[in-house]
Amino acid sequence: MKRKDEWSYEEDLLLAQTVLNHIQNKSTQLNAFEEVGERLRRTAAACGFRWNSTVRKKYEAEIKASKERRNKVSKEKMKTKSDPLQGNHQEIYVTVTHTDSNTSTTPLDPIINSLLEVKNEYLLMQQTLSKMERKIDDLESQLDGNKSKNDPSEDMNNLMQIIKRAEKMGLFEKYNPKEKPAG
């Protein structure tokens, strides 16, 4: 006989993803338990008990990865304050892999995990694209600044004006005598 309040795989997965997101975003696990509790119509205490007694053990690697990503984002934000070209990093990356063979899985789990991976790749590509677009804008503005300083057509026009003045003054013929016809 099944218990009325038994946790399903989907509920465990939601609990794990939410806690991992909160860890990564420097939020407390208590906030995560309250959020999951509201969504599952369970108490925050029940969610916390489930996390600490059962689910946490299955996600040790993901917990460590979330903490590392949190620390990496914190370091990048510190760089962003000193280097405005770096941009803001607000994306959340969550990869959940389930290793417990006793828990039932649905046929959609591999698809969900694949979609999470695709989402993470998409967010990384979007971030890279944004950085490259800013770099292109910076390089174009530098190029525009250099064009106005080193415009060869302007130099050529100035040189032609000097030559024309020299010809009018007769200086050009003095240094470049006209050739006599061969004969």
Side-chain angles (χ1 to χ4, degrees), residues 1-139 141:
M1 182 168 184
K2 211 173 182 184
R3 285 182 56 163
K4 181 179 167 186
D5 63 344
E6 186 175 340
W7 284 74
S8 69
Y9 170 75
E10 290 79 15
E11 290 174 324
D12 281 347
L13 186 61
L14 176 64
L15 176 62
Q17 288 176 329
T18 305
V19 171
L20 291 171
N21 277 331
H22 279 264
I23 289 171
Q24 185 171 327
N25 292 317
K26 292 186 174 182
S27 180
T28 64
Q29 290 181 12
L30 182 57
N31 289 340
F33 300 151
E34 290 172 355
E35 181 181 327
V36 173
E38 287 178 23
R39 291 175 73 182
L40 298 179
R41 295 194 171 124
R42 294 181 182 262
T43 65
C47 295
F49 182 79
R50 179 67 177 179
W51 172 255
N52 288 314
S53 66
T54 308
V55 179
R56 177 184 204 118
K57 297 168 190 153
K58 299 173 187 174
Y59 293 94
E60 291 296 327
E62 288 82 1
I63 293 169
K64 184 178 179 183
S66 290
K67 288 179 180 179
E68 288 172 359
R69 281 191 288 273
R70 174 188 65 201
N71 293 337
K72 181 180 177 185
V73 167
S74 293
K75 288 178 185 175
E76 288 176 358
K77 282 185 180 178
M78 295 299 279
K79 278 187 201 175
T80 301
K81 289 180 182 177
S82 61
D83 184 3
L85 297 178
Q86 290 296 320
N88 294 326
H89 305 282
Q90 299 174 354
E91 291 85 6
I92 299 170
Y93 303 104
V94 177
T95 304
V96 178
T97 54
H98 205 282
T99 56
D100 187 13
S101 59
N102 296 332
T103 306
S104 63
T105 60
T106 66
L108 297 177
D109 289 339
I111 296 169
I112 292 169
N113 287 336
S114 296
L115 288 173
L116 286 171
E117 288 176 18
V118 169
K119 179 183 177 184
N120 288 342
E121 287 178 33
Y122 171 76
L123 292 173
L124 284 171
M125 285 184 207
Q126 210 173 25
Q127 183 181 359
T128 303
L129 179 64
S130 177
K131 283 181 183 179
M132 291 193 171
E133 286 173 342
R134 284 193 303 273
K135 184 74 172 173
I136 288 170
D137 289 343
D138 290 343
L139 291 173
S141 65

> Can you tell me if Ser130 uses its side chain to pair, donor with acceptor, with the backbone of Gln126 under 3.5 Å?
Replying inline: no
> Taking atom CG of Asn21 and atom CZ of Arg69, what is their separation to the nearest 0.5 Å?
Replying inline: 9.0 Å
>> Contact between Lys64 and Lys67 at the side-chain level, heavy atoms closer than 4.5 Å - yes or no?
In response: no
> Aromatic rings Phe33 and Trp51: how do their planes relate, parallel, tilted or perpendicular, breaks at 30° and 60°?
Replying inline: tilted
>> Can you tell whether the side chains of Glu11 and Arg50 come within less than 4.0 Å, N to carboxylate O?
In response: no
> Say you draw a straight line from NZ of Lys57 to CD1 of Ile63; how long is it, rounded to the nearest 0.5 Å?
Replying inline: 11.5 Å
>> Please determine whether side chain to side chain contact (heavy atoms under 4.5 Å, CB included) holds for the pair Val19 and His22, giving the CA-CA distance in whole Å, both sets of side-chain angles, and the decisive distance to 0.1 Å.
In response: CA-CA 5 Å; Val19 171; His22 279 264; 5.7 Å; no
>> For the CE atom of Met125 and the CE atom of Met132, what is their distance to the nearest 0.5 Å?
In response: 11.5 Å
> Atom CG of Leu40 and atom CG of Asp5: how far apart are they, to the nearest 0.5 Å?
Replying inline: 12.5 Å
>> Set out, in order, the CA-CA distance, both residues' side-chain angles and the distance that settles side chain to side chain contact (heavy atoms under 4.5 Å, CB included) for Thr54 and Trp7, then state yes or no.
In response: CA-CA 10 Å; Thr54 308; Trp7 284 74; over 6 Å; no
> Got a second to check how far Leu20's CG is from Gln17's CD, nearest 0.5 Å?
Replying inline: 8.0 Å
> What do the steps show when you test Arg42 against Val36 for side chain to side chain contact (heavy atoms under 4.5 Å, CB included), and what is the final call?
Replying inline: CA-CA 8 Å; Arg42 294 181 182 262; Val36 173; over 6 Å; no
>> Please identify which of these residues, Gln29, Glu35, Glu34, meets the side-chain contact (heavy atoms from CB on, under 4.5 Å) condition with Asn31.
In response: Glu34
> Rounded to the nearest 0.5 Å, how far does CD1 of Ile136 lie from OG of Ser141?
Replying inline: 12.0 Å
> Looking only at heavy atoms, what is the nearest atom pair of Ile23 and Arg70, with distance?
Replying inline: O-CD, 3.1 Å
